[in-house]
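In this chain, numbering begins with 1 at the start of the sequence shown.
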Amino acid sequence: MVKVAGHELMKHRGPARVFNSEEDAFRAVSKRQIKPGDVMVIRYEGPRGAPGMPEMLGVTAALVGEGLGDSVALMTDGRFSGATHGLMAGHVAPEAFVGGPIAALRDGDTITFDIAKRRLDVELTDGEIKTRLKDWKAPEPHYKSGVMAKYAHLVSSSSLGAVTRTD
């Protein structure tokens, strides 16, 4: 899902800056490590990975505060709200925690948002993505027991509504 309101940017091509949590991404913005033209990738924030698909408002607000709201794009398997400003793709599915293609991304990979063509692309071949994912291992879950662990185990993909399954 791509948000196209609240900004003028309809095409963006830039290097990926990959973060495995919202907190790491926020720290990078706070330390002024994000530059105009970058594409921030925040993964492991989807329904199963977080768990619960948190909103990325803190990071997008920090980008605006640093004057980068119109020059940096963001892609996440987490979610965003109407208060978010800037070019953002959220709800990316399948999410990184289950080995979706977002898990294969590395710093420096070139990502292109093209709103007119309704495209979000990374300049990697399907073979390169497959090779990277062959060596990928899922991170340890945040919760190993209790209600949040049960939720993470039962929740569906964001593409299916991020609802819990009974199977």
Side-chain angles (χ1 to χ4, degrees), residues 1-2 11-56 58-60 62-63 68 72-80 87-114 117-146 148-165 167:
M1 176 181 306
V2 175
K11 189 165 187 176
H12 183 96
R13 181 178 180 270
R17 297 294 314 279
V18 180
F19 302 94
N20 291 331
S21 72
E22 178 186 14
E23 295 79 15
D24 289 346
F26 186 85
R27 264 191 297 281
V29 176
S30 298
K31 292 179 179 180
R32 297 189 170 136
Q33 296 171 335
I34 304 302
K35 305 296 179 213
D38 285 347
V39 177
M40 292 187 75
V41 176
I42 307 174
R43 59 188 178 192
Y44 301 113
E45 296 290 1
R48 291 191 65 189
M53 215 171 166
E55 182 178 349
M56 301 292 116
V59 173
T60 58
L63 286 169
L68 298 169
V72 171
L74 193 146
M75 179 172 70
T76 181
D77 51 13
R79 69 181 172 89
F80 55 89
L87 184 55
M88 175 181 234
H91 305 240
V92 172
E95 66 179 282
F97 193 80
V98 299
I102 191 173
L105 298 179
R106 296 180 183 161
D107 278 343
D109 289 344
T110 301
I111 297 173
T112 302
F113 286 69
D114 190 331
K117 292 183 180 176
R118 302 173 84 78
R119 305 265 322 162
L120 174 60
D121 295 300
V122 61
E123 292 180 14
L124 296 171
T125 66
D126 290 344
E128 288 171 310
I129 293 171
K130 188 176 183 179
T131 297
R132 288 182 184 185
L133 289 175
K134 188 166 60 167
D135 297 327
W136 172 84
K137 303 241 185 307
E140 287 292 315
H142 292 288
Y143 302 93
K144 295 184 175 146
S145 63
M148 293 304 287
K150 185 176 182 179
Y151 171 84
H153 179 72
L154 295 174
V155 70
S156 68
S157 169
S158 62
S159 66
L160 299 172
V163 296
T164 53
R165 308 177 314 267
D167 59 341

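- Few gaps surround OH on Y151; more than 12 heavy atoms of other groups in view lie less than 6.0 Å from it.
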Expected list for residues 138-146: side-chain donor-acceptor pairs under 3.5 angstrom, two or more places apart:
{"from": "E140", "atom 1": "OE1", "to": "K144", "atom 2": "NZ", "distance (Å)": "3.0"}

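- E123 meets the salt bridge (charged side-chain N to carboxylate O under 4.0 Å, His left out) test with R13; sequence neighbours excluded.
- Atoms CD and OG, from E23 and S30 in turn, are 11.5 Å apart once rounded to the nearest 0.5 Å.
- The OG1 atom of T125 lies 3.5 Å from the CD atom of E128; values are rounded to the nearest 0.5 Å.
- In this structure, the separation between CD on E55 and CZ on R79 is 5.0 Å, given to the nearest 0.5 Å.
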Q.
With side-chain contact (heavy atoms from CB on, under 4.5 Å) as the criterion, how do L74 and L87 come out once you've worked through the C-alpha distance, each side chain's angles and the decisive distance to 0.1 Å?
A. CA-CA 6 Å; L74 193 146; L87 184 55; over 6 Å; no

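- Judged by distance alone, the side chain of R43 and the main-chain N or O of L105 form a donor-acceptor pair under 3.5 Å.
- Checking S156, S158, S159 one by one against P47, the side chain to side chain contact (heavy atoms under 4.5 Å, CB included) holds for a single residue, S158.
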Show me the side-chain donor-acceptor pairs of residues 90-98 shorter than 3.5 Å, one per line, residues at least two apart or across chains.
{"from": "E95", "atom 1": "OE1", "to": "R48", "atom 2": "N", "distance (Å)": "3.3"}
{"from": "E95", "atom 1": "OE1", "to": "G49", "atom 2": "N", "distance (Å)": "2.9"}
{"from": "E95", "atom 1": "OE2", "to": "R48", "atom 2": "N", "distance (Å)": "3.0"}

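- In plain terms, the two heavy atoms of G58 and E22 that are nearest each other are N-OE2, 4.1 Å.
- Ion pair D114/K11 flagged as a salt bridge, since at least one NZ, NE, NH1 or NH2 atom sits closer than 4.0 Å to an Asp/Glu carboxylate oxygen.
- A side-chain hydrogen bond (donor to acceptor under 3.5 Å, both in side chains) check over residues 31-41, counting only residues at least two apart or in different chains, returns the pairs R32-E66.
- In this structure, CZ in F113 is found 7.0 Å from NE2 in H12, a value given to the nearest 0.5 Å.
- Results of the side chain to side chain contact (heavy atoms under 4.5 Å, CB included) test with P51 over M148, E45, K150, H153 single out M148 as the only residue that passes.
- Among pairs with a residue in residues 130-139, those fulfilling side-chain hydrogen bond (donor to acceptor under 3.5 Å, both in side chains) read Y44-W136, D109-R132, at least two apart in sequence or across chains.
- When the side chain to side chain contact (heavy atoms under 4.5 Å, CB included) test is applied to D121, the partners found at least two apart in sequence or on another chain are R119.
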